[in-house]
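Step one of this worksheet: look at the structure below.
In what follows, every heavy atom counts, from backbone to side chain, and hydrogens, waters and symmetry copies are set aside.
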Amino acid sequence: MYSSYNVWINDELAISNGLPGTTPEETIPKHGASTVVPINSNSKELTILIQVANFTYPKGGINDQIQLGNAKQLQHVKSSELVQDSFVVGSLLIMGIYHLFLFGIRRNDSTPLYFGLFCITIAIRTLLINSRFILEVLPDFSWFWLVKASYLTIYIGELFLVSYIYHLFPQYLSRLVWRTTQIFTLSISVLVVVSDIYIYDYSLIPFEIYSVGLVLYAVYASIQLTRKRQEGSILLIVGFSLLFTTAINDILNRTVFLFMPSLLPYGVLAFVFLQSILLSRKFSRAFTQVEQLSERLLSLDKLKDEFLAKTSHELRTPLHGIIGLADALIDGSSGKLPPAVTELLRLMKTSGQRLAHLVNDILDFSKLKHQEIALIPVKVNLQLAVELTIQVLKPLAEKKGLGLSHKLSHDVYVMADENRLQQILHNLIGNAIAYTEAGTITITAQVEDGQVLIQVTDTGIGISAADQERIFESFEQVNPMERPQQEGTGLGLSITKQLVELHKGTLTVKSELGKGSTFTLTLPVSGESDLHILGTSAQQKSPIEAMKQREVAVTIAPAPSEQMNEYEDDRASVLIVDDDPINVQVLVQFLRGQYSLRSTCSGQEAMDWIQSGYRPDIALVDVMMPYVSGFQVGEEIRRHYNPGELPIIFLSAKSQMSDIVVGFEQGGNDYLVKPVEKQELLARLALHLQLAHWNASLELEVDARTTELEESMEERARAMSEVSVLAERNRIAREIHDQVGHILTASVIQLEVGMKLFHDEAPQSVEKMQVVSDLVRKGLHEMRKSVHMLAEEPANLSTFRDVLLQIIDDSKRYADVTIEHTIDIMDDRFEPDTEKTIRHALQEGITNGVRHGLCTHFEFELIEVEGMLQFTLDNNGLPYNAVELGFGLAMMKRTIERQGGMFHISTNAGIGCRLQFTLPL
């Protein structure tokens, strides 16, 4: 009953809704839910008085039938209405939310969105009509907004329905119809919101007429769909038929032509159910197509990856050939080229190297994608790994004026594949150098919760927050701050991140534009538990002992004659140093029977042997070893022996050209990439041993000839006192020069003959021997320059003091230097060998200082201290920082030690050089 009423039964107020009055001011309208009114009367007659007042709603009075009957029956009827409406509302809400969820997953299809909104709108309308379920929950709900909501839901619902059909079959529904519906429904919805019910109630008539037209148009479109056998057309026609029928029922019911309950919610429910089936079939078909396309795409993607991998692999050989030929032409292998041509060759070489790097990245990307990279995790010293990377990249940083350093402790170890760890560090530090124009790049590390946090921090251009995730995607490069694009493929960081994740680590970045970046990677820490071998804790053993035990545990013991002592036969002795016992055993098996072998798995033990006087003929040293690296072992060897005396061949799995160059810079004579072929190893060993033998023979010959010539010089000086000292020096130096030149020239000839013999069988050996030939030629040139100062015999002066003063005077006169001297000795007390040693030391010190140190001032002191003769020569030239002694200084050191003295040479407080030794009186 609209829109307020009182019900009186036998003169008693039984129920009321709102406040009915005789004027609009006295009347308070209110909607109420259907109610069962109990009658408590024993009278046989009932007097029912209904007072209804309506001044606000267009349709007033009693709108529906008043049912009389048993209270339980009537309550059951009401409960049935509530259950039916609850079922409709619940079903519509579930389907609406479900389709909204589908749209959230697949936003490019708007069909589930409009269908879900339509279901929710009709569910809300169902709460407002029929049993008015909302008033059971909210009995004080505003009459004003309840009426508006009942109009709005039907208008907005039609908009969502038409939008759904249009997006479901856009080719069969006119876009004009959709746009017209949008404008019409939104316009009358605005009217409902802003106007009074007496005004917006009139909007129902044009809406109902327009709706009937839409339904007819929809039926027409459905027939067209059916004729063209469009999937889902039958379900659409059936659904629209039910919707049309129930809508007509509600229209007739409202116009009082028919007294029926509102059926539109049930029609909508049936329509929604049929459309849900239609959408489910559509999604099922789409999913099937996606599966088919996915399988095809996967197949095509696999073919693409195989093509890239095979093509990249085939490109490596010609690329290396192009780079090598360009290098050879730049070095003048075919004669000197014009500068313009050389520059073009350098550009060609650079382009080839970039393409080779791209090929390697594509191969790694393909292997990572197909999970074909197998890691070999070992215990790696992080400081050593970072230092090796810095050595390779430092020239690039210095070229840009950048500081490149680390702050790592020597006792931090990680469990990682050493080669892949080098690749990770190389990519991160290389990127930092590429994107930093000024400032520093610093590598730090700390241990947290069983992980080592490694940070690479730069002061470069930075990365925006939006790009910080994108940089780790494949083939992605960012261009911050409108900066020119860096050369590259965009694979480096993607590969790096995947390699880190293969190590069970993470890679993240923190950056701000213009303020630099910090890349943080985590790797598993290698703790003491990693050193448990054969049930024995590494806490009870030193690193060397642990490595020894590891060697005993897994290697096959060599024969007794080859196990430790290389002096048991006349064969050349080989020192093998590798932290992997299996690698040691492989090398032992390769060389057994041909060489006298000594092997160890500890770099520290190898250093101890060298320090204790052990001198092999050649050393095979692995580069990456824990605790003490192969480069450190090589440095210790070079402190005692030069490359001609004891050749070093470095072994490593790293095959990049930059790694090989670093190996030679660290004192290596050769560099072999693991796995090593037996024939190649034997050939290189034989070559380096032969070169060492030639070098030793040459040194002995030079020593003997020098002594012979010195003695001859002394005899001739005494016999020919009338010959000037300068002429005699020139003659002796020329004789030494000719003899040494003859020997070195013969060596070059022998090498060139060897090259011709190996030309047909081993082109690579020819290349290596060519390098050796060039080195010997260079040594010949240096020897010719050096021998000019050998064996300078002073004039036949009266005392030894006069001899030294003559040398000092000559040096001042001819070398244009100043010399302060203190000579506090007793004349005629020294052996001839002692005088000769002092004289040669003074000449060699002044000559080297002027020639190599650019000296202009010397301070010379020769005094007697506690029964020893002390020689000191200081200069103001360049600081002395040579790793090993030259030929002249090495000969001087041996002579002094042979005479029972001590030799020392170093920089003097960071300035110039100090040469000092003592000899017994």
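Within the 4.5 Å cutoff, side-chain heavy atoms of L651 are placed close to those of L587. Side-chain atoms of N381 and D411, non-hydrogen and from C-beta on, never get closer than 4.5 Å to each other. No side-chain heavy atom of H840 sits less than 4.5 Å from a side-chain heavy atom of E844. Between T600 and W609 there is a side-chain heavy-atom pair separated by less than 4.5 Å. By the 4.5 Å heavy-atom criterion applied to side chains, V452 and V412 are counted as neighbours. Side-chain contact between T872 and R914: present, with at least one pair of heavy atoms (C-beta onward) separated by less than 4.5 Å. In this structure, I649 and N669 have side chains that are not in contact, with every pair of non-hydrogen atoms separated by 4.5 Å or more. Within the 4.5 Å cutoff, side-chain heavy atoms of I390 are placed close to those of H406.
The distance from atom CG of L646 to atom CG of L575, rounded to the nearest 0.5 Å, is 8.0 Å. Separating the CG atom in D579 from the CD atom in E418 is a distance of 7.0 Å, to the nearest 0.5 Å. For the atom pair CD of Q611 and CZ of R639, the computed distance is 8.0 Å after rounding to the nearest 0.5 Å. Rounded to the nearest 0.5 angstrom, D458 CG and L404 CG are separated by 11.0 Å. Distance check, rounded to the nearest 0.5 Å: CG of N427 to OG1 of T389 gives 10.0 Å. With rounding to the nearest 0.5 angstrom, the NZ atom of K394 is 11.0 Å from the CD1 atom of I433.
In this structure, the side chain of K400 engages the main chain of T436 through a donor-acceptor pair within 3.5 Å. When atom types are taken as modelled, the side chain of H688 and the backbone of I618 share no donor-acceptor pair closer than 3.5 angstrom. Distance alone, capped at 3.5 Å, places no donor-acceptor pair between the R615 side chain and the H640 backbone. Q632 contributes no side-chain N or O that, together with a main-chain N or O of G603, makes up a donor-acceptor pair within less than 3.5 Å. One N or O on the side chain of E645 and one on the backbone of N642 form a donor-acceptor pair closer than 3.5 Å. In this structure a side-chain-to-backbone donor-acceptor pair under 3.5 Å is missing from S573 to S596. With hydrogens and angles ignored, the 3.5 Å screen pairs a side-chain donor or acceptor of N695 with a backbone N or O of G644.
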Decide yes or no on side-chain contact (heavy atoms from CB on, under 4.5 Å) for C601 and V584, but give the supporting numbers first.
-> CA-CA 8 Å; C601 290; V584 171; 4.1 Å; yes

Full working for side-chain contact (heavy atoms from CB on, under 4.5 Å) between E897 and M902 = CA-CA 6 Å; E897 291 175 349; M902 297 181 62; over 6 Å; no

side-chain contact (heavy atoms from CB on, under 4.5 Å) evaluation trace for I905 with L889 = CA-CA 9 Å; I905 184 169; L889 290 175; 3.8 Å; yes

Could you walk me through whether L523 and L421 pass the side-chain contact (heavy atoms from CB on, under 4.5 Å) test, one step at a time?
-> CA-CA 10 Å; L523 293 173; L421 176 59; 3.6 Å; yes

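Residues F631 and F650 bring their aromatic ring centres within 6.0 Å. Between F871 and F917, the gap from one ring centroid to the other is short of 6.0 Å.
Closest approach of L689 to A572, counting heavy atoms only: CD1-CB, 3.9 Å. Residues I610 and P616 share a closest heavy-atom pair of CD1-CD, 4.1 Å. Summarising the geometry of L384 relative to M625, their closest heavy-atom pair is CD2-O, 3.5 Å, with the distance given to 0.1 Å. For the residue pair V633 and A606, the shortest heavy atom distance occurs at CG1-CB, 4.3 Å. The heavy-atom pair separating L408 from L382 by the smallest distance is CD1-O, 4.1 Å. Closest approach of C855 to N876, counting heavy atoms only: CA-OD1, 3.7 Å.
No more than 12 heavy atoms of other residues, nucleotides or ligands lie within 6.0 Å of CD1 in I911, so this atom counts as exposed by the packing criterion. Counted within 6.0 Å of NE2 on H693, heavy atoms from surrounding residues, nucleotides or ligands total 12 or fewer; the atom is thus considered open.
Contacts of D617 classified as salt bridge (Lys or Arg N to Asp or Glu O under 4.0 Å), with partners at least two apart in sequence or in another chain: none. Annotation: salt bridge (Lys or Arg N to Asp or Glu O under 4.0 Å) contacts of R638 (sequence neighbours excluded): none.
In the model, Q383 has no side-chain atom that pairs as donor or acceptor with a side-chain atom of S409 under 3.5 Å. Checking D608 against Q604 by side-chain atom types alone, a donor-acceptor pair falls below 3.5 Å.
Geometrically, R598 engages Y614 in a cation-pi contact defined by less than 6.0 Å to the ring centre and at most 45° from the axis.
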